[in-house]
Amino acid sequence: MEHKMRGYLPPMDPEKLKALFEIENAFKSGQLSADEARQQIKERVGKVSAYHVAYIEQTMTEETSDECIREDVHAIINMLGDQIDNTMPNLPADHPIMHYLKENEEMKRLLLAVEDLVQYPMIKNQWLELYDKISQYPIHYKRKQNQLYPMLERKGFTRPTTTMWTFDDMVRDEIREAERLLREDQEDAFIKQQERVLLYARDLMEKEEFILYPTSMALISEEEFEDMKSGDQEIGFAFFEVEHKTTENKVGTQPNEQNNFANDLQALLTKYGYSAAGGGDKLDVTTGKLTLEQVNLIYKHLPIDISFVDENELVCFYSDTDHRIFPRSKNVIGREVMNCHPRKSAHIVREVIDKLRSGEQDKAEFWINKPGLFIYIIYVAVRDKDGKFRGVLEMMQDCTHIRALEGSQTLLTWSNGDTLETAEQSHNTQETRVEDAETEDEETTEPVTEITPQTRLKDLLKQYPTLKSRLPELNPKFKMLNTPLGKIMMGKANVQMMSERSGIPLDKLIEGIKKLIS
């Protein structure tokens with residue numbers, strides 16, 4: 001069966017691909033020297049493109065989690081020699097691939113500065129200034145993981161997600177470790193750490209530029225790259241800012257034509273009993289009616305981040321809040337959730353989903369506790385009314401401020417100095433009213449011998465204490481008896497009032513109460 005990836009690439013000769021695979025394996029195992037391999041490639045294969053190497057990697061080689069780290073790309077380049085066609089098209093400055101290349105150029109310059117600085121006696125401030133810049137570079141990886149990798153997955157090229165992601169995180173961690181050693185004044189260990197930063201960062205950039213970016217250019221269309229720009233902007237860039245320019249409407253799709261078509265479509269749907277739920281249409285949510293605009297505004301202003309993965313383990317939704325803790329982009333929508341996490345944590349994700357799906361667990365909690373930061377994360381199983389698993393809801397909140405709160409702040413003070421009644425005062429006033437009502441109940445209750453329209457609720461509850469918890473069986477509205485306001489009403493309500501408030505006919509209510517207390 002032809003691999004999905006092949007459908008997006010220029011035509012490739014299967015026999016030449018097989019020959020290239022055999023030569024590459026013989027070279028890696030030491031059976032062929034670089035010169036011998038180059039000669040065989042020239043005779044049996046001819047010109048090789050980066051996507052040929054990527055296709056072989058995707059379809060013909062066994063996958064291991066650390067293969068990207070172990071792979072010696074420089075040796076492969078040496079093996080291919082002048083048979084490799086790795087030219088990139090002339091791209092505009094605002095092209096997503098150009099931003100990756102521009103970040104790499106700046107990172108290479110910073111690594112040269114590292115090489116220069118290690119030759120001299122250590123001056124901490126110089127290194128701090130340099131690492132303030134280097135520490136921005138992992139944004140480059142975040143954009144790759146949330147933008148470029150998902151697009152490549154859709155074309156069948158999943159190897160970057162499953163192997164290069166691990167290398168991305170490794171280089172990020174090496175940079176973080178260097179920063180830690182620097183700030184903790186572990187001079188010898190910090191200087192030694194520079195060897196790892198230089199080696200791995202340069203190796204990964206070489207893999208990006210030799211395989212990843214040329215292959216991306218072969219697989220991803222210009223329209224898709226254009227669509228990626230807004231998500232790239234949302235996540236951000238290392239070392240520089242990018243002004244996002246929205247594309248103008250193409251010929252034949254002018255706004256008035258689009259609006260006319262949308263209006264005609266809406267009219268047709270409405271005629272046959274369907275609604276497209278436009279901005280002003282009310283949607284029947286569980287406990288009310290909201291427009292789609294209101295729903296989106298609610299999600300946008302929630303103090304927590306929400307993501308939803310359906311029963312097929314596809315990401316369906318995330319809340320687009322301004323305070324988002326971890327970066328997201330729209331390219332994650334429709335992506336398999338297992339591909340949204342680095343390989344080293346995939347087994348945890350798998351276990352969480354499996355246990356929530358099976359019903360063994362209903363939620364899974366995690367938290368990140370670092371100096372000056374506390375992030376709370378909870379995964380909740382979503383089930384329908386029949387108990388069928390429908391997906392997983394992830395909720396995430398930065399609780400740093402909440403955990404730092406001490407004492408009580410019961411007085412609300414606005415910036416203009418105005419104050420409102422304290423929450424404690426309001427609560428105490430309400431509780432006083434409740435206590436007064438309960439005291440009055442105790443003093444005036446009378447035994448019930450027959451239930452009539454004038455029978456007081458407080459007398460029934462005094463004589464039959466379990467009745468309050470069972471009344472919602474007759475009508476859910478009776479749940480409000482458990483609220484502070486309900487306690488106040490119990491002192492005044494009789495069976496006639498209960499019938500009027502609940503909508504239950506009086507005779508049926510009396511019969512129902514008799515059954516509950518019998």
Side-chain angles (χ1 to χ4, degrees), residues 5-6 8-10 12 47-59 67-69 71-80 83-111 137-172 200-229 231-233 235-240 242 329 331 339:
M5 184 178 173
R6 190 160 187 167
Y8 296 98
L9 294 172
M12 296 182 291
K47 286 292 183 183
V48 175
S49 294
Y51 58 79
H52 291 132
V53 179
Y55 186 78
I56 288 172
E57 179 186 86
Q58 178 68 46
T59 62
E67 67 183 46
C68 189
I69 301 167
E71 186 74 43
D72 187 349
V73 70
H74 195 71
I76 300 298
I77 294 172
N78 187 34
M79 177 196 77
L80 293 169
Q83 293 305 114
I84 181 70
D85 179 10
N86 211 32
T87 55
M88 291 275 286
N90 215 9
L91 300 175
D94 67 340
H95 195 283
I97 294 297
M98 289 300 289
H99 294 145
Y100 288 119
L101 293 172
K102 185 179 176 182
E103 286 168 327
N104 277 2
E105 288 307 307
E106 177 60 17
M107 185 60 173
K108 290 172 187 176
R109 188 188 69 79
L110 294 172
L111 294 180
Y137 187 65
I139 298 173
H140 172 95
Y141 301 138
K142 278 294 180 188
R143 228 170 47 258
K144 280 169 58 184
Q145 294 162 3
N146 288 278
Q147 286 283 98
L148 192 61
Y149 294 172
M151 189 65 72
L152 294 174
E153 283 171 27
R154 293 171 198 168
K155 307 302 177 78
F157 190 28
T158 60
R159 214 59 163 228
T161 297
T162 54
T163 65
M164 186 174 273
W165 190 326
T166 302
F167 203 2
D168 292 341
D169 285 353
M170 179 180 171
V171 177
R172 177 205 63 194
Y200 292 127
R202 284 172 170 164
D203 188 28
L204 182 50
M205 283 189 283
E206 194 168 29
K207 289 176 168 66
E208 289 177 354
E209 294 172 15
F210 177 66
I211 299 289
L212 182 66
Y213 301 149
T215 304
S216 297
M217 290 303 304
L219 287 171
I220 302 172
S221 70
E222 282 307 308
E223 291 75 16
E224 289 168 328
F225 273 124
E226 188 66 36
D227 194 49
M228 286 171 64
K229 289 180 180 178
D232 283 357
Q233 185 76 25
I235 293 171
F237 305 86
F239 314 128
F240 52 81
V242 173
S329 74
N331 275 344
N339 288 339

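Remember, it's a predicted structure, so these values are computed and weren't measured experimentally. Positions are given from 1, in the same order as the sequence printed here.
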Would a 4.5 Å heavy-atom cut-off, applied to side chains only, mark [X] and [Y] as touching?
| X | Y | value |
| --- | --- | --- |
| Ile97 | Ile220 | no |
| Thr215 | Arg159 | no |
| His140 | Asn104 | yes |
| Leu219 | Tyr51 | no |
| Leu152 | Thr161 | no |
| Pro89 | Met217 | yes |

Would you find a donor on one side and an acceptor on the other, under 3.5 Å apart, between the side chain of [X] and the backbone of [Y]?
| X | Y | result |
| --- | --- | --- |
| Arg143 | Leu148 | no |
| Glu103 | Tyr137 | no |
| Gln58 | Thr158 | yes |
| Arg6 | Met12 | yes |

### Query
Got a second to check how far Asp168's CG is from Lys144's NZ, nearest 0.5 Å?
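Interatomic distance, Asp168 CG to Lys144 NZ, rounded to 0.5 Å: 3.5 Å.
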### Query
Could you state the interatomic distance from CE (Met88) to OG (Ser216), rounded to the nearest 0.5 Å?
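It is 8.0 Å, given to the nearest 0.5 Å.
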### Message
Going by side-chain hydrogen bond (donor to acceptor under 3.5 Å, both in side chains), Trp165 matches just one of Asp169, Thr163, Thr162. Which one?
### Response
Asp169
### For His74, the option from Lys207, Glu206, Arg202 that meets side-chain hydrogen bond (donor to acceptor under 3.5 Å, both in side chains)
Glu206
### Task
Apply side chain to side chain contact (heavy atoms under 4.5 Å, CB included) to the pair Leu91 and Phe225, showing each step before the final yes or no.
CA-CA 11 Å; Leu91 300 175; Phe225 273 124; over 6 Å; no
### Message
Please determine whether a side-chain nitrogen of the Lys or Arg among Arg154 and Glu224 lies less than 4.0 Å from a carboxylate oxygen of the Asp or Glu.
### Response
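Here Arg154 does not pair with Glu224 in a salt bridge, since their nearest N and O are not under 4.0 Å apart.
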For [X] and [Y], work out which heavy atoms get closest and say how close.
| X | Y | answer |
| --- | --- | --- |
| Ala54 | Ile211 | CB-CG2, 4.0 Å |
| His99 | Ala93 | NE2-O, 3.5 Å |
| Val171 | Leu204 | CG2-CD2, 3.8 Å |

### Message
Among residues at least two apart in sequence or on other chains, which ones pass side chain to side chain donor-acceptor pair (under 3.5 Å) with Glu105?
### Response
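Only Lys108 meet the side chain to side chain donor-acceptor pair (under 3.5 Å) criterion with Glu105.
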### Query
Parallel, tilted or perpendicular: which describes the rings of Tyr200 and Phe167, with under 30° parallel and over 60° perpendicular?
perpendicular
### Message
Under the side chain to side chain contact (heavy atoms under 4.5 Å, CB included) test against His95, which residue among Glu222, Lys229, Met228 passes?
### Response
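The option that passes is Glu222.
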### Task
I would like to know whether Val53 and Val48 meet side chain to side chain contact (heavy atoms under 4.5 Å, CB included); could you show each step before the answer?
CA-CA 8 Å; Val53 179; Val48 175; 4.2 Å; yes
